[in-house]
Amino acid sequence: MSTLVIVESPTKARTIRKYLPNDYQVEASMGHIRDLPQSASEIPAAVKKEKWSQLGVNVEADFEPIYVVPKDKKKVVKTLKDALKNATELVLATDEDREGESISWHLLQVLKPKVPTKRMVFHEITEEAIQNALHHCRDLNEQLVHAQETRRILDRLVGYTLSPLLWKKIAPKLSAGRVQSVAVRLIVMRERERRAFRMGSYWDLKAHLSKDNTPFDAKLISVDGTKVATGSDFDENTGQIKAGRNVQLLNEADANALKERLLGKPWNVSNFEERQNRRKPAPPFTTSTLQQEANRKLRLSARDTMRVAQSLYENGYITYMRTDSVHLSEQAIAAARECVTQMYGPDYLSPQPRQYATKSKGAQEAHEAIRPAGNRFRTPRETGLKDRELALYDLIWKRTVASQMAEVRQTSLSVDLSVENALFRANGKRIDFPGFFRAYVEGSDDPDAALENREAILPALAVGDRPDCQDIEAVGHETQPPARFTEASLVKTLESEGIGRPSTYASIIGTIIDRGYAQMQNNALVPSFTAFAVCSLLENYFPDLVDLHFTAKMEATLDRISTGDVEWIPYLREFYSGDKGLDTQVRQQEDQIEPTEAKTIVLENLPVNVRIGKFGPYLETEKDGETITASIPQNLTPSDLDSEQVEVLLRQKTEGPDKLGMHPETGEPIYILIGSYGPYVQLGEVSDENPKPKRASLPKGQTPETITLETAVGLLSLPRLLGVHPESGNKIQAGLGRFGPYIVHKKGGEDGKDDYRSIRASSEDDVLTIPLERALEMLAEPKRGRGRRGSKKKPMRELGDHPTDKEPLNIYDGPYGPYIKYKRKNISIPDGDSAEELTLERAVELIAAKSSSRKTSTAKRKTTSKKTSTAKRKTTSKKTSNSDS
DNA sequence: CAGTGAGCGAGCTTCCGCTTGACTT
């Protein structure tokens, strides 16, 4: 007699196990166990001949989906089937949202239980909640399942009909989708705005004043009652003052003249305003807000944030990390309030427990907000966590605790000061009661806004006061183009539009980067030329699908499907086969979309065309009846491409490369060229005798404009001999490699390997001038490795040495939880054991078990590496011969 | 590592959302 309970995740399985009777067995489905075939290899042979097989959906027969169990889920299904054999009852306890309901339905379809089956849902993992849920089981909600199928099928239809169109018209392997294409479009639209942006400049005055020895600053507001122009008065597209603004624009001369006129004149306080306001703390974290804050405050990518959060979750530090809910359980609120009282005192507690309402579109709220786990929150210090885990936990702890703290009370002050016919203003801010600021201040994408939280002290001033003026400064300003999207601001926008789900925000960014639609530059997402081409095609021919509101409209329909107000198959039929349906449109538009046109990117104010070619983007133009093409270097983005850049690239192509000068010794010419990997110098010309002339990339920081003949000669003479190592007597050289400048001790390392050290761009050292002494110094230091901070990670626990070979055994904390490291092997700690209590004996056992099972290790794995051409990896042998014996 | 952009042409590429796994640098 036993009951089998199935949930999504192993961690959840472990926790609810505690609250269930002994004869209950809990297993995890690991998310969805069935899906539409992902690629051609998964399409069942029976339907392979059908026209629609590539879609995985029979669009000719009521959109019947072909579901398959993907390879990596076969094992899970087998485990579940085995478990079911011993069960007298099945309880499906997946999340209560659309996807969760669907997972349960697929489980039923695949497991075909012969025993009674119930559906159970709970929102909190407490004994009470689980007991309660167990006694209030219900049936599967078929309408909700249909809503999920509709979502799944619609996404498939969009993705798998538009992507092939892009392969035909623009380039192979591109992709389009309901979510990613809107994300790309947001980035492209912002870049267009940036391209269209025209800078405006203006001047104003800043006065340094003081009253009773307290200094303060004031800014010029108006002269003769007319407002002085500031940034917001400018039109972004012209760089001029917006039409109809009654302002006066000061240039440098105006500002200086005014300054001279006002210096030494008496100042007078003409107005004084004080305004009190209050601020509430931000709600506890959801996936989206956690990713935003971790990106802003810890500079973590969305993906890294999730990895660290997963580890915190699995080790019981935080609640589930994929959620769109800001809801806190009663226990959590009590725990947060307890923390406030303990750490900050009762004055800092919000008078009433604060509960926030989720307002993002399409939220499904199957979980709580992300918060410290348990009924008593461990302080960050108590956890014993380190590095990123500590930093992220700290962030979550503070945000949760702050949400139950008192409001901030502050006073804003605005003081007007007259001098002659000019009016200045000083703004101040006083924090009367810091409230939740004591624990947490929300980050911002806008550096100016971050300053807003700071206090700005003003002396006590009253109308009629006459402060002293020490100095007046004329300050020049330039208007800024709209900022590019960061991961944080993109996730924020997507979430507020209801696009994407907590489990996908991180991967959306991954997808658009993998497809070459965007690249990351200084934490900003910069779209590629391909992104421009794809985006334009979609906007021109499928505007509805890339509309920002498409997902929200779809969600509204899905909701109606789940309540039974709309039928799912007619909706899909209309969407795909209707007069304005997707399939109909693709058929009609296909002939009209000219590939040449689709590959061409229209960039305003450019005298040439940019086209997407087999080897990346290139310029194309006509000159004297001939077509000239020129590659665009990889790291040159649409925003960098102005007519000046175009001219350089084309001139290089038509007139040959720029000659930097002659080599002082050989007399050969040295050229400066731009290739797809950026600028480089070349000695001599390509000819039959000399098919591969000596070349060298310009090191970081050098541009074709700044490089001198001397540097070029130096670069071309690399690698350079510095001298010999005093101990080994071997050569020490400095050179320029694929990863930048380096020094090397030839055959100097242990086991006869060359010993390399990178010359860091941030250091004072230069490959061309670095002396032997400095090189020896660098070689004496250990390699820095590729790790984030320092080379060696500190173990979480040291277990001691292995009894047979005395090699150390340590426990480390990895992205997927703690693991044992022994020699070069990593063994994760199984469910039954804990990292804190594991003994040396047990570890040795686990290692032995691992070595024997590894003999039949997977033969090959799909390579997921992107662009290996530029980053060839040494393939390390996977044989475990040293430990198998 | 490198200066191309058309052509042979089988079979494949691709979506979104749920979840963890096994892997070195």
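In what follows, chains are A, B, ... by sequence order, proteins preceding strands, each numbered from 1.
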Item checked: Inter-nucleotide P distance (B:dT19, B:dC23), Å rounded -> 24 Å
Notebook entry, point to check: Whole Å only: how far is the NZ atom of A:Lys599 from the P atom of B:dA6?
Noted result: 7 Å
Next item on the list: Check for a donor-acceptor pair, side chain of A:Glu8 on one end and backbone N or O of A:Asp95 on the other, with a separation under 3.5 Å.
Entry: yes
Item checked: Where A:Ile43 and A:Ser53 come nearest, the two heavy atoms and their spacing -> CD1-O, 3.4 Å
Note to self: Base of B:dG17, side chain of A:Ser102 - is there a donor-acceptor contact under 3.5 Å?
What the structure shows: no
Next item on the list: To the nearest Å, give me how far apart CZ (A:Arg34) and P (B:dT19) are.
Entry: 19 Å
Next item on the list: Let me know the distance between CD1 of A:Ile499 and C1' of B:dC16, rounded to the nearest Å.
Entry: 13 Å
Margin query: For A:Glu99, is there an ion pair with A:Arg151 - N to carboxylate O distance below 4.0 angstrom?
Written below: yes
Note to self: Heavy atoms only, 4.0 Å cut-off, all strands: where does A:Tyr505 land among base, sugar-phosphate and nothing?
What the structure shows: nothing
Next item on the list: Look at atom CD of A:Glu597 and say whether more than 12 heavy atoms of other residues, nucleotides or ligands are closer to it than 6.0 Å.
Entry: no
Notebook entry, point to check: So which heavy atom on A:Ser104 is nearest to which on A:Thr94, and how close?
Noted result: OG-OG1, 2.6 Å
Using a cut-off of under 3.5 Å, enumerate the N/O to N/O pairs linking the protein to nucleotides 13-15 of chain B.
| unit_1 | atom_1 | unit_2 | atom_2 | d |
| --- | --- | --- | --- | --- |
| B:dT13 | O2 | A:Lys173 | N | 3.1 |
| B:dC15 | OP1 | A:Ser175 | OG | 3.3 |
| B:dC15 | OP1 | A:Gln180 | NE2 | 2.8 |
| B:dC15 | OP1 | A:Arg515 | NE | 3.4 |
| B:dC15 | OP1 | A:Arg515 | NH2 | 3.3 |
| B:dC15 | OP2 | A:Arg515 | NH2 | 3.3 |
| B:dC15 | O2 | A:Arg152 | NH1 | 3.1 |
| B:dC15 | O2 | A:Arg156 | NE | 3.2 |
| B:dC15 | N3 | A:Arg152 | NH2 | 3.0 |
| B:dC15 | N3 | A:Arg156 | NE | 3.2 |
| B:dC15 | N3 | A:Arg156 | NH2 | 2.9 |
| B:dC15 | N4 | A:Arg156 | NH2 | 3.0 |
| B:dC15 | N4 | A:Tyr160 | OH | 3.4 |

Check: In terms of side-chain geometry, is the basic nitrogen of A:Lys169 or A:Glu590 positioned less than 4.0 Å from the acidic oxygen of its partner?
Finding: no
Next item on the list: Using a heavy-atom cut-off of under 4.0 Å over every strand shown, decide if A:Ser9 touches base, sugar-phosphate, or nothing.
Entry: sugar-phosphate
Item checked: A:Lys48 atom NZ, over 12 foreign heavy atoms within 6.0 Å -> yes
Checklist line | Pairwise C1' distance for B:dG9 and B:dT13, with rounding to whole Å | finding: 15 Å
Margin query: As a quick check of understanding, evaluate side chain to side chain donor-acceptor pair (under 3.5 Å) for A:Tyr67 and A:Glu149, giving each step before the final call.
Written below: CA-CA 11 Å; A:Tyr67 288 123; A:Glu149 291 193 276; 2.7 Å; yes
Next item on the list: Select base, sugar-phosphate, or nothing to describe what A:Gly500 touches, counting heavy atoms under 4.0 Å on all strands.
Entry: sugar-phosphate
Check: Okay, side chain of A:Thr504, backbone of A:Ser507: is any donor-acceptor separation there less than 3.5 Å?
Finding: no
Margin query: Distance check needed: B:dA6 P versus A:Lys614 NZ, whole Å only.
Written below: 6 Å
Notebook entry, point to check: Hey, does the side chain of A:Ser503 come within less than 4.0 Å of B:dC18's phosphate (OP1/OP2), counting only N and O?
Noted result: yes
Check: What integer distance in Å separates A:Lys48:NZ from B:dA10:C1'?
Finding: 13 Å
Check: A:Arg322 side chain N/O closer than 4.0 Å to the phosphate oxygens (OP1, OP2) of B:dT19?
Finding: yes
Checklist line | Interatomic distance, A:Met321 CE vs B:dT19 P [rounded to whole Å] | finding: 7 Å
Notebook entry, point to check: Looking just at side-chain N and O atoms, do A:Thr323 and A:Ser325 make a donor-acceptor pair shorter than 3.5 Å?
Noted result: no
Item checked: Length of the line joining A:Glu8:CD and B:dT19:C1', which is rounded to integer Å -> 8 Å
Next item on the list: Could you check whether A:Phe615 and the base of B:dG5 form a stacked pair, meaning centres closer than 5.5 Å and planes differing by less than 30°?
Entry: no
Notebook entry, point to check: Nearest-Å distance, CE (A:Met306) to P (B:dC18)?
Noted result: 11 Å
Next item on the list: Go ahead and write out DNA chain B as dot-bracket, 5' to 3': ( ) for pairs within the strand, [ ] for ones crossing earlier pairs, | when the partner sits on another strand, dots for unpaired; Watson-Crick or G-U wobble, both distances under 3.5 Å.
Entry: .........................
